[in-house]
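Just below is one structure, and these are the notes that go with it.
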Amino acid sequence: MKRKPAGMLLSMTVLVHCSVAYAQTSTLKNFPNGSSPQEVGKRVANRFIASPHPNFGRPTPPSVITYPEVCTWYGALAFAKESKDKALTTKLAERFEPLFGADTALVPKSDHVDHAVFGSVPLELYQQTKDPRYLEMGKKIADKQWGTPEGPHVKPEGLAHYKQGLSWQTRMWIDDMFMITAVQAQAYRATGNKAYIDRAAKEMVVYLDSLQQPNGLFYHAPDVPFFWGRGDGWMAAGMSELLRSLPANNPDRPRIMEGYKKMMAALLKYQAEDGMWRQLIDDPASWPETSSTGMFTFAMITGVKQGWLDAKMYGPAARKAWLALVTYIDGNGDVREVCEGTNKKNDRQYYLDRKRITGDMHGQAPLLWCAAALLR
């Protein structure tokens with residue numbers, strides 16, 4: 001039998017490996033008509049532009065921009081960047097312009113995690129437009145998150161965390177790990193100053209060590225032993241956003257990656273046959289919920305694209321989740337089955353009875369994050 005030349009065998013081996021890699025990552029491409037990230041992202045972004053500033057479902061205008069709007073705004077900007085839609089970026093900047101003038105009172109003060117995340121929007125606008133007004137505003141908010149504690153939201157526990165080198169806005173709710181890390185990661189991306197992302201990484205490790213359970217998921221808070229979907233979603237998205245920009249030589253990166261992979265493995269076990277995750281992740285009596293599903297999908301897409309997760313295992317799961325989510329978008333571009341804004345409570349029924357809302361920006365935002373991540 002005639003042997004093939006060594007060079008030919010090497011070439012065939014490389015070709016096989018490349019073909020397998022393409023087959024694995026291609027699960028996040030070639031979507032059916034109407035469900036591509038370009039189409040879905042455009043619909044949801046246009047819906048955002050046409051929407052007034054929301055106030056957690058109340059009919060009255062908000063006193064300041066709310067964090068669900070911030071997360072949707074940031075998602076729309078990320079989608080505009082990845083889809084190279086400069087006209088969309090312009091419209092999103094026009095929505096912001098009144099905040100420099102007549103509507104300046106709507107800019108939240110950096111006195112609470114839910115307020116400080118606002119800084120991620122001007123910092124993203126700066127990266128896309130280079131207008132220094134955005135950098136000045138966003139940097140000021142990011143700096144204040146680690147600045148001198150002041151304002152009505154200062155708590156004794158926050159002061160204790162401040163003395164340990166953490167943000168004084170630390171409160172040990174898993175929601176915080178998007179609210180804190182998003183603005184700090186954005187400040188790093190905008191300035192190149194590693195101090196921002198280094199301190200966010202240190203903060204993340206404290207939350208991981210305090211709140212992640214042996215099964216890989218997170219209690220809503222230390223005194224609330226329930227795996228609330230969107231709460232865990234904030235953690236999944238926060239780790240993904242942080243790791244995406246965290247330098248390889250950061251000493252906290254291995255610990256954060258360990259926590260991230262542990263969580264993704266747990267989520268894989270709890271994904272339903274239809275691709276969704278539930279309001280209480282491990283409770284089959286709870287309902288399929290879109291905001292948490294969107295956040296987990298974003299985290300998995302990011303992990304596959306970045307090479308952190310096994311594409312053969314997680315790619316199909318992320319694809320199934322994305323295609324399921326798309327079916328929850330109505331003709332107006334609004335996402336259905338979104339859990340209402342939720343406080344923490346040590347009561348299972350409290351979580352099961354949360355209202356299911358259509359068009360709430362808690363649900364709109366993750367669809368845009370996913371669309372951007374699929375194009376990234």
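- Taken from CZ in Phe227 to OG in Ser286, the straight-line distance is 12.5 Å, to the nearest 0.5 Å.
- Relative to the six-membered ring of Tyr314, Lys312 misses at least one condition, a distance below 6.0 Å or an angle of at most 45° to the axis.
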Requested in this report: Go through the steps to decide whether Ile180 and Trp146 satisfy the test side chain to side chain contact (heavy atoms under 4.5 Å, CB included), and finish with yes or no.
Outcome: CA-CA 10 Å; Ile180 293 174; Trp146 254 262; 3.8 Å; yes
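- Side-chain atoms of Glu258 do not come within 3.5 Å of backbone N or O of Arg253 as any donor-acceptor pair.
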Name each donor-acceptor pair under 3.5 Å that joins a side chain in residues 268-277 to protein atoms two or more places apart or in another chain, with its distance.
| unit_1 | atom_1 | unit_2 | atom_2 | d |
| --- | --- | --- | --- | --- |
| Gln271 | NE2 | Gly275 | O | 3.0 |
| Gln271 | NE2 | Ala317 | O | 3.0 |
| Asp274 | OD1 | Met276 | N | 3.0 |
| Trp277 | NE1 | Leu267 | O | 2.9 |

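- Side chain of Glu69 to backbone of Met361: no donor-acceptor contact under 3.5 angstrom is found.
- Aromatic ring centroids of Tyr162 and Trp168 lie 6.0 Å or more apart.
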Donor-acceptor list for residues 218-225 side chains, cut-off 3.5 Å, not counting sequence neighbours:
| unit_1 | atom_1 | unit_2 | atom_2 | d |
| --- | --- | --- | --- | --- |
| His220 | ND1 | Tyr351 | OH | 2.7 |
| His220 | NE2 | Asp175 | OD1 | 3.4 |
| Asp223 | OD1 | Lys344 | NZ | 3.1 |
| Asp223 | OD2 | Lys344 | NZ | 3.2 |

Report task. Carefully, step by step, assess Asn55 and Arg58 under the rule side chain to side chain donor-acceptor pair (under 3.5 Å). Result -> CA-CA 5 Å; Asn55 187 17; Arg58 304 183 189 98; 3.3 Å; yes
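- Considering only heavy atoms from C-beta on, Cys71 stays 4.5 Å or farther from Pro68 through its side chain.
- Put simply, the side chain of Ser83 gets close to the backbone of Phe79: a donor and an acceptor are under 3.5 Å apart.
- No side-chain donor-acceptor contact under 3.5 Å links Ser210 to the backbone of Tyr207.
- Taking 4.5 Å as the limit, some side-chain heavy atom of Met257 sits within range of a side-chain heavy atom of Leu243.
- Taking Ala78 as the reference, Ala372, Arg376 meet the side chain to side chain contact (heavy atoms under 4.5 Å, CB included) condition, with sequence neighbours excluded.
- For Trp308 against Ser240, the heavy-atom pair with the smallest separation is CH2-O, 3.8 Å.
- The OG1 atom of Thr302 sits 9.0 Å away from atom CG of Leu309, with the distance rounded to the nearest 0.5 Å.
- Aromatic ring centres of Trp73 and Phe96: separated by under 6.0 Å.
- Put simply, CD1 on Ile256 and NZ on Lys202 are 12.5 Å apart, with the number rounded to the nearest 0.5 Å.
- No side-chain N or O of Arg319 forms a donor-acceptor pair with one of Thr27 less than 3.5 Å apart.
- The residue from Met137, Glu136, Arg133 that alone fulfils the side-chain contact (heavy atoms from CB on, under 4.5 Å) condition with Pro122 is Met137.
- Residues Phe31 and Val326 are not in side-chain contact: their nearest non-hydrogen atoms beyond the backbone lie 4.5 Å or more apart.
- Within the 4.5 Å cutoff, the side chain of Gln38 has heavy atoms near those of the Leu375 side chain.
- At most 12 heavy atoms of other shown residues, nucleotides or ligands fall within 6.0 angstrom of atom NZ in Lys84.
- In this structure, the ring pair (Phe, Tyr, Trp, His ring centres under 6.0 Å) partners of Phe56, at least two apart in sequence or on a different chain, are Tyr67.
- The number of heavy atoms from other shown groups lying within 6.0 Å of CE (Met172) is above 12.
- Checked by atom type and distance alone, the side chain of Asp85 pairs as donor or acceptor with a backbone atom of Leu88 at under 3.5 Å.
- Qualifying side chain to side chain contact (heavy atoms under 4.5 Å, CB included) partners for Lys109, counting only residues two or more places apart in sequence or in other chains: Asp111.
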Query raised in the report: Hey, mind stepping through Leu99 and Phe118 against side chain to side chain contact (heavy atoms under 4.5 Å, CB included) and telling me if it holds?
Result: CA-CA 12 Å; Leu99 301 181; Phe118 173 82; 3.8 Å; yes
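- By the 4.5 Å heavy-atom criterion applied to side chains, Ser110 and Gln169 are counted as neighbours.
- Of the possible donor and acceptor atoms, one in the side chain of Tyr350 sits under 3.5 Å from a partner among the backbone N and O of Asn343.
- Applying the 6.0 Å contact sphere to NZ of Lys345 captures no more than 12 heavy atoms from other residues, nucleotides or ligands.
- In this structure, Trp322 and Ala371 approach most closely via the heavy-atom pair CZ3-N, 4.1 Å.
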Using distance only, find each side-chain donor-acceptor pair of residues 150-157 under 3.5 Å and give its atom names and separation, not counting sequence neighbours.
| unit_1 | atom_1 | unit_2 | atom_2 | d |
| --- | --- | --- | --- | --- |
| Glu150 | OE2 | Lys144 | NZ | 3.3 |

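- Judged by distance alone, the side chain of Gln213 and the main-chain N or O of Gly216 form no donor-acceptor pair under 3.5 Å.
- Side chains of Thr342 and Arg354: a donor on one and an acceptor on the other come within 3.5 Å.
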Requested in this report: Please step through side chain to side chain contact (heavy atoms under 4.5 Å, CB included) for the pair Val64 and Val107, ending with a clear verdict.
Outcome: CA-CA 6 Å; Val64 295; Val107 176; over 6 Å; no
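- Salt bridge annotation for Arg47-Asp334: present, with a cationic side-chain nitrogen under 4.0 angstrom from a carboxylate oxygen.
- Nearest heavy-atom pair across Ile357 and Asp360 is CG2-CB, 3.7 Å.
- Closest heavy-atom contact between Gly333 and Val44: O-CG2, 4.3 Å.
- Between Tyr134 and Phe100, the ring-plane angle classifies as tilted under the 30° and 60° cut-offs.
- Between the side chain of Glu203 and the backbone N or O of Thr181, no donor-acceptor pair lies under 3.5 Å.
- Although no hydrogens or angles enter the test, the distance criterion places no donor-acceptor pair under 3.5 Å between the side chain of Thr170 and the main chain of Leu166.
- Expressed to the nearest 0.5 Å, how far CG of Asn332 lies from CZ of Arg43 amounts to 9.5 Å.
- Considering CG of Asp353 and CG of Asp347, their distance stands at 8.0 Å, rounded to 0.5 Å.
- Contact between Arg95 and Ser51 at its shortest, heavy atoms only, is NH1-O, 2.7 Å.
- With 3.5 Å as the limit, one finds no donor-acceptor pair spanning the side chains of Ser292 and Arg230.
- Side-chain atoms of Gln279 do not come within 3.5 Å of backbone N or O of Leu352 as any donor-acceptor pair.
- With rounding to the nearest 0.5 angstrom, the CG atom of Asp176 is 8.5 Å from the CE atom of Met235.
- Side-chain contact between His53 and Ile65: present, with at least one pair of heavy atoms (C-beta onward) separated by less than 4.5 Å.
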Report task. Start with the C-alpha gap between Glu124 and Leu92, add the side-chain angles, then the distance that decides, and say whether side chain to side chain contact (heavy atoms under 4.5 Å, CB included) holds. Result -> CA-CA 11 Å; Glu124 182 61 34; Leu92 292 164; over 6 Å; no
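- Looking only at atom types and distance, the side chain of Gln127 has no donor-acceptor partner in the side chain of Arg189 under 3.5 Å away.
- For the pair Thr293 and Pro288, the minimum side-chain heavy-atom distance is 4.5 Å or more.
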